[in-house]
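Order of appearance sets the numbers: ligands from 1, and atoms from 1 within every ligand. The first residue in the sequence is number 1, and the count goes up from there.
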Amino acid sequence: MLRLTAPKRLRGSITVPGDKSISHRAVLFNAIAEGNARISGFLDAADPRSTLACLRALGVRIEHEGETLRVYGRGLRGLCEPADVLDCGNSGTTLRLLAGLLSGQRFFSVLTGDDSLRSRPQRRIVEPLRALGAQIDGREDGDRAPLAIRGSQLHGGSYDLPIASAQIKSALLLSCLTADGPLSLGGRIDSRDHTERMLQAMGIDLALEAGRLVLYPPAHPVFPYPVSLTVPGDPSSAAFWWVAAAIHPDAEVTTTDVCLNPTRTGTLDVLQAMGAQIEIHNRRNEGNEPVGDVTVRSSGLRGTRIDGALIPRLIDEIPVLAVAAATAYGETVIADAGELRVKETDRIAVVVEQLGAMGATIEPTADGMIIAGGGELRGADVDSLGDHRLAMALGIAALVAEGETAIHNAQAVEVSYPAFWEHLHSLVEA
Ligand code: S3P
């Protein structure tokens, strides 16, 4: 349990850890590349470590020293049948991307995870993968892990995504790398595009054709090429400091080397619309991703509406945006975000309950929440319920609350941002 009280000032500069989505992909895609790659800035946290452990169990040699990795790629057909069940821990990205990749291999594998991951829906990947020829079974007719995969020859095909999910999109694209025909994806393909960017950099023929994403399985065994890269900072981690600086009365915080991929910057757009003072400097490209430094200062925020096409661009930041909304002037409505109900926790229920305990006036809806705003938060006994983003959002709420906040299960930050509490204290003491 962690106890926090509001500091007088917040000042400083934070290099946030490497992007979680890009870290998973960098190691996973290089594991099936034809050659070796060096990855720096890797997120050394529980979720990407789950991906590393699974890949090692599939026969991939990976040297890992803190944030630097060397991955010895085995090619598209070089993975080995694992001797045991593959444990994806808390990581939906590990389980879903591996399910896509392993469906087209020539061996049997089983994917499982912790209590949270085993309670999350998997039909969203299992159904379209089965339509491409995959043999997958699992609890509740394949909707819940453990998932048992009998690798088989997959076929290309066409599928329209009903949900804007990068995990579904990526699982399908990876399954097609060993298929006997091209895959065409339409519908909600507007989720984060790190998979597309990285596979293109590896020489895979993947492009938008008449508004559909089309991947042709590589015909020549030199593909995919390995790609060495520096993983940029995670905007979903930086967002905690952006909100902290915007809502605290005496704050100026800079986050450096943050990934500014437009499929990930919805939080900056929303904070700007709420009146936050934001400056972006040092814009550049790193790997195949736009990067920059972001400075946020104390700002008087007003309520806003967060819905529609914005949602996939900020889905993981909604818990901390709810903290911003609770202290803003006027009402904030969050809609079209039903996906929050199937994240690491039901993030609509949990945000309403925990921020409610701190005095926020906040109502759940089927696909979002309505936050009255204008309220003074007060310290309370709150609980992350094991959800990393909840633990951090509650930590940010505590920075502006009256009195002491006690956060139970604060160690959940290990999943994506192990240095979070240390970074928080560095801003307070600076
Ligand atoms: C991720 C995709 C998103 C996001 C998750 C990471 C990824 O999930 O919430 O934290 O790396 O592909 P969905 O694909 O389920 O939207």
How does [X] reach ligand 1, if at all, at less than 4.0 Å between non-hydrogen atoms: by side chain, backbone, both, or neither?
X: H24; result: neither
X: K169; result: neither
X: H194; result: neither

For [atom], which protein heavy atom lies nearest, and how many Å away is it?
atom: atom 1 (C) of ligand 1; answer: Q167 NE2, 3.6 Å
atom: atom 12 (O) of ligand 1; answer: R25 NH2, 2.6 Å
atom: atom 10 (O) of ligand 1; answer: D316 OD2, 2.8 Å
atom: atom 8 (O) of ligand 1; answer: K343 NZ, 3.1 Å

request  = Give the minimum heavy-atom separation between Q105 and T178, together with the two atoms involved.
outcome  =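 Scanning both residues completely, I find the closest heavy atoms to be NE2-CG2, 4.4 Å.
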query = CG/L102 to CZ/F108 distance, rounded to the nearest 0.5 angstrom?
reply =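 Going from CG on L102 over to CZ on F108, the span is 11.0 Å.
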task = Considering the heavy atoms of A166, write down every atom of ligand 1 situated less than 4.0 Å from one of them.
result =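 Near A166, meaning under 4.0 Å from one of its heavy atoms, ligand 1 has 12 (O), 14 (O).
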request  = Under 4.0 Å from a heavy atom of S21: give me the atoms of ligand 1 that qualify, with their elements.
outcome  =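 Going through ligand 1 atom by atom, the ones under 4.0 Å from S21 are 1 (C), 6 (C), 7 (C), 11 (O).
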ask   = Where the side chain of D143 meets the backbone of Q122, is there a donor-acceptor pair that is under 3.5 Å apart?
value =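 Side chain of D143 to backbone of Q122: a pair is present.
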query = Under the ring-ring contact (aromatic ring centres under 6.0 Å, His included) rule, what pairs show up with a residue in residues 157-208, not counting sequence neighbours?
reply =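 For residues 157-208, and leaving out neighbouring residues, there are no ring-ring contact (aromatic ring centres under 6.0 Å, His included) pairs at all.
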query = So which pairs with a foot in residues 46-84 pass ring-ring contact (aromatic ring centres under 6.0 Å, His included), sequence neighbours left out?
reply =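 Qualifying pairs: F42-H64.
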query = Is it the case that E414 and H388 place a side-chain donor and acceptor less than 3.5 Å from each other?
reply =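 Note: E414 and H388 side chains miss the donor-acceptor criterion.
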message = Between E339 and R124, does the salt bridge (Lys or Arg N to Asp or Glu O under 4.0 Å) criterion hold? Intermediate values first, please.
response = CA-CA 12 Å; E339 276 295 292; R124 52 183 55 206; 2.9 Å; yes
request  = Give yes if a backbone or side-chain nitrogen or oxygen of S165 is under 3.5 Å from a nitrogen or oxygen of ligand 1, and no if not.
outcome  =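 Between S165 and ligand 1 (N or O atoms, distance only) the closest approach is under 3.5 Å.
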